[in-house]
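To keep things clear, I will list the structure first and then write my remarks on it.
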There are 2 protein chains.
Amino acid sequence: MSARSGVPNDPGRRERIIQAALELILDEGVAAASHRVVAARAGVPLGSMTYHFSGLDEIITEAFRLLVSRLSGRYKDGLHSSKSLTEARESIVEIICGDEFITPREMAGIFELYSYGRCSRDSAEIASSWMDISHSALTEHFTPASARAVDALIEGWTIHHHLGGVAPDRDLVRSAVTAVTSLND
Amino acid sequence: MSARSGVPNDPGRRERIIQAALELILDEGVAAASHRVVAARAGVPLGSMTYHFSGLDEIITEAFRLLVSRLSGRYKDGLHSSKSLTEARESIVEIICGDEFITPREMAGIFELYSYGRCSRDSAEIASSWMDISHSALTEHFTPASARAVDALIEGWTIHHHLGGVAPDRDLVRSAVTAVTSLND
DNA sequence: CCGGTGCGTGTACAAATGTACACTCTGTGC
DNA sequence: GCACAGAGTGTACATTTGTACACGCACCGG
């Protein structure tokens, strides 16, 4: 060891860049996420991009990792705090109909992830892990079969909710959720 | 009118460009769809791009229009030919579990459409019309409420099917479809 | 056969991109 | 105080991009 022994000048800068990249992706899409635009949004010089990341792909991938991490945190919390089957079902109704678990911007980010995953192995793994996480959060409360069905219902209905812009009727969603979580294997 | 009175030299060229653009989007994503690459794939010179289309956005939008047109054709045919509730349910099982109604490539194309729709009003309308078409095809057989629920189920489960790469169990899907199409409003 | 019309295209160009890298500067050990 | 290691950056560059537009050329009326 010698002078300047590996201590970064601005710790946390890498994280701030990733956050800026995610915000940008949620607002404008992956297509808008260039080194320069992300750097400007994060308030860091262009050189920081290539210094902290191996390339653009790594930045975008890390941004998606952050998105999935946030989402799965909320997901798990909501389902984990449910103490009964009824509460679990109500959590799911809230996930589908509410605006708390996932915002329209974040929903759009998930589409970007699914698209981007086609040309980035790392991002494909993140997309895959996101599906695993949501599925395993559901198996805490339901049978594997029911979990798969309700997982599909959540995925599809949140998409229709946020793409159409109008929240589905809570009673209808509750009925459907109850129906698919009452399947006998 | 005078010489060369508006007769195109190569009718159908515009359509071939649109088809090439769609193929490219399905294979490589919207990000890869540049004027030059689409032109090369369609076997037409670069100048044809700006001659037949107002800009790149129009080409991509038309490609998505073609995709949705193909998909909704199959969709409608499958459901329209169903003569009973049971047959309609079986059609839906086939849509979700089969590889005929929508291929993995086309599924990916739908993601691209949902993403691209965020920055293109025309494409957003196409995405919206796709959801309308699938919904109205379902209301031929089910109540509006059931149609909404099964629509979400289809959307989510086809995504999980083609993103995960493994077809869901037909019996399970049939149970879930039957459950959500047996809701009393 | 000839002139012109307008369909179709090759080329040119400004803007933006990802990335490499020579450089600066800060702080540390002696 | 000094030299240096290494964190961090501004610039330069080759490439690719969308688009405009001046031209070529095939065809039709005469």
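In what follows, chains are A, B, ... by sequence order, proteins preceding strands, each numbered from 1. Heavy-atom basis, side chains included; hydrogens, waters and symmetry copies ignored.
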| Can you check the A:R14 CZ to D:dA7 P distance for me, whole Å? | 15 Å
| Can you find a side-chain donor-acceptor pair between B:T143 and B:S146 that sits under 3.5 Å? | yes
| field | Salt-bridge present (A:E28, B:R118; N to O < 4.0 Å) | value | no
| Note: A:E106-A:R74 ion pair, threshold 4.0 Å (strictly below) | yes
| message | Tell me the interatomic distance from B:D10, atom CG, to D:dC27, atom P, rounded to whole angstroms. | response | 12 Å
| query | Are the aromatic ring centres of B:W130 and B:Y114 under 6.0 angstrom apart? | reply | no
| message | I'd like to compare against my own output: the B/S/- annotation of nucleotides 9-22 of chain D with a strict under-4.0 Å heavy-atom distance to protein. | response | BBBB----BBB-B-
| said: Please find the pair of heavy atoms, one from A:F101 and one from A:L71, that lie closest to each other, and give the distance. | reply: O-CD1, 4.3 Å
